[in-house]
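For ligands, and for the atoms within them, numbers begin at 1 and follow the listed sequence.
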Amino acid sequence: MSQQHSALASAPTPAQAKRSDWWRDAVIYQVYPRSFADSNGDGMGDLEGIRSRLPYLRDLGVDAVWLSPFYASPQADAGYDVADYRAVDPMFGNLLDADALIRDAHELSLRIIVDLVPNHSSDQHEWFKRALREGPGSALRDRYHFRPGKGEHGELPPNNWESIFGGPAWTRVTEPDGTPGEWYLHLFAPEQPDFNWEHPAVGDEFRSILRFWLDMGVDGFRIDVAHGMVKAEGLPDIGGDGDQLKLLGNDVMPFFDQDGVHDIYRQWRLILDEYAGERIFVAEAWTPTVARTANYVRPDELHQAFNFQYLGTHWDAEELRKVVDLTLEAMRPVGAPATWVLSNHDVTRHATRFANPAGLGTQIREAGDRELGLRRARAATLLMLALPGSAYIYQGEELGLPDVVDLPDEVRQDPAYFRGAGQDGFRDGCRVPIPWTREGSSYGFGTGGSWLPQPAEWADLSVEAQTGVAGSTLELYRTALSVRRAEPDLGAGDSVEWLRAPEGVLAFRRGEFVCVANTTGESVTTPAYGRVLLASGEIAEVDGDAKIPSDTTVWWTTA
Ligand code: GLC
């Protein structure tokens, strides 16, 4: 269908096409397809469900929608294990649904960014199945990382790398003759074998996959594990006897952030630029520093990279200021916009992170002080949306959803949960389906329940319950996004001018716009900088001063 389709592919609307560099200050909303909206009552979200909710996203005021994977997949890692990169999994619909979704989005002036998973495939991918069938030395095995084991009988893994999900990064296969045989590399679950990007067929295949979706009319790609495809030559052991997962955040590992990965992106960029309509790449690249992240967004590579250093920052003025400065400094020389993100499908939602003491990391199982968490989350959002660059919103954060920390173990699906023997892998808590209505099966998510149970309190957090309610988190997001569109200084540029502020308070000016965020646990007094555009809590102004309650952010205009 691709050929016929490409001729008919939906193009951005004229208004979209006219606006150049739309992505530099875009607000991009992440949809997690299985948990957004279910059109056929099977308890699992789908493309048709997403399509039916596009007007909601338009009204929310976002510029683009990033869809987590909806490709044919056995769902060993919720779709990040792709069996066929050119097919939609039947649980989500089919290619016609994808086409209709892209077209409708464009009609509503929304762009669509799809997820691309090039580091690994599913173990049910045709290539991997053939590699297993055809045995050691076969051509298909070269497209993955197969190696003989160490030890007298090959009973030990080829090196000491550990999977991000826990346990060894290698699994031994049973050869077609029934004997224990070679091992293959999987940085994630065993059902996710890593591709060998040294093999030319892998690069050819992904360039073709890019074209397939570009021809379908998508506006860009979020690249999964964008720092992972190239491995250090010889697959060397990792030194030291420390916890490898701890090293991940601090050191360049032999399987992550290798310089060779940038050659791939230079080639991809040439392909993307052949297509009209300013399409973009965004990298999921976990690197030790923002300076290394900047390498991914050099002018001839990708457009944006997620700012995970920002995501990991506590609600603390000093830390926040530091990461904002480091980010802007790192991005300036390469001319890429900064990005800001607080939540996604892999981490505990920020309303719950901020409800707990700092320093617990991004996988938290405690509900903490929910009211405090929500107050800080709302303040953090206004801070994020006041920074120059592009911002990412994860579905449900606009409702102030907390993580569901008490899911029964038997409903959990995160493979990391099972591999980590319960020590890690609590990502299901941020993947619980969205409540749309106060009543009804799964609060309007669908008509047939939901694949993860929703807490009863979510009725009051539903879209219906918050719509039109002054001060609700949903209305705060809507207003913030419309102010952001209307204020020329918001989003644009690459710097902030810090203003003097009491300890624990962040204050900065950007042209006629001023943002003040109070991260202290108490109210503070600052100058009233002008006309209040928006505040995440109730503020009081007396004689030119503003009293800002604890954990509150205020936007002013001096115009
Ligand atoms: C990325 C995805 C995550 C997935 C992993 C393996 O980090 O965001 O959900 O488990 O890659 O594909």
### Query
What closest approach, in Å, do Ile364 and Val405 show between heavy atoms, and which atom pair accounts for it?
O-CG1, 3.9 Å
### Query
Which of the atoms of ligand 1 are close to His120, meaning less than 4.0 Å from one of its heavy atoms?
6 (C), 12 (O)
### Message
Checking a contact table here: which protein heavy atom is nearest atom 7 (O) of ligand 1, and how many Å away?
### Response
Glu284 OE2, 2.6 Å
### Query
Where the side chain of Asp403 meets the backbone of Thr348, is there a donor-acceptor pair that is under 3.5 Å apart?
no
### Task
For His186 and ligand 1, answer yes if some heavy atom of the residue is under 4.0 Å from a ligand atom, otherwise no.
no
### Summary
Quick look: Arg431 vs ligand 1, heavy-atom contacts under 4.0 Å, and the answer is side chain
### Query
Under 4.0 Å from any heavy atom of Arg427, which atoms of ligand 1 are there?
3 (C), 4 (C), 9 (O), 10 (O)
#### Entry: Check: Asp257/Thr287 side-chain N/O donor and acceptor closer than 3.5 Å
no
### Message
I'd like to know if the side chain of Asp215 pairs up with that of Tyr275 as donor and acceptor (distance under 3.5 Å, no hydrogens or angles considered).
### Response
yes
### Query
Do Phe206 and Tyr85 have ring centres separated by under 6.0 Å?
yes
### Message
Which of the numbered atoms in ligand 1 are under 4.0 angstrom from any heavy atom belonging to His345?
### Response
2 (C), 3 (C), 8 (O), 9 (O)
#### Entry: Phe165 and ligand 1 - part of the residue with a heavy-atom distance under 4.0 Å
side chain
### Task
Do me a favour and list the nearest non-hydrogen protein atom to atom 2 (C) of ligand 1 with residue, atom name and distance?
Asp224 OD1, 3.1 Å
### Query
Is the shortest N/O to N/O distance between Trp286 and ligand 1 below 3.5 Å?
no
### Task
Mark up the atoms of ligand 1 that fall under 4.0 Å of a heavy atom belonging to Val225, in ascending order.
11 (O)
### Message
Is it the case that the side chains of Ser68 and Gln30 hold a donor-acceptor pair, with the cut-off being a distance below 3.5 Å and no angle test?
### Response
yes
### Task
Please could you name the atoms of ligand 1 that Gln192 approaches to less than 4.0 Å, counting only its heavy atoms?
6 (C), 12 (O)
### Task
Ignoring hydrogens, just give me the one of Leu187, Asn344, Asp346, Asp77 whose non-hydrogen atom is nearest atom 6 (C) of ligand 1.
Asp77
### Query
Do the two ring centres, one from Phe128 and one from Phe146, sit under 6.0 Å apart?
yes
### Message
Can you tell me how the ring of Phe256 sits relative to the ring of His227, calling it parallel under 30°, perpendicular over 60° and tilted otherwise?
### Response
tilted
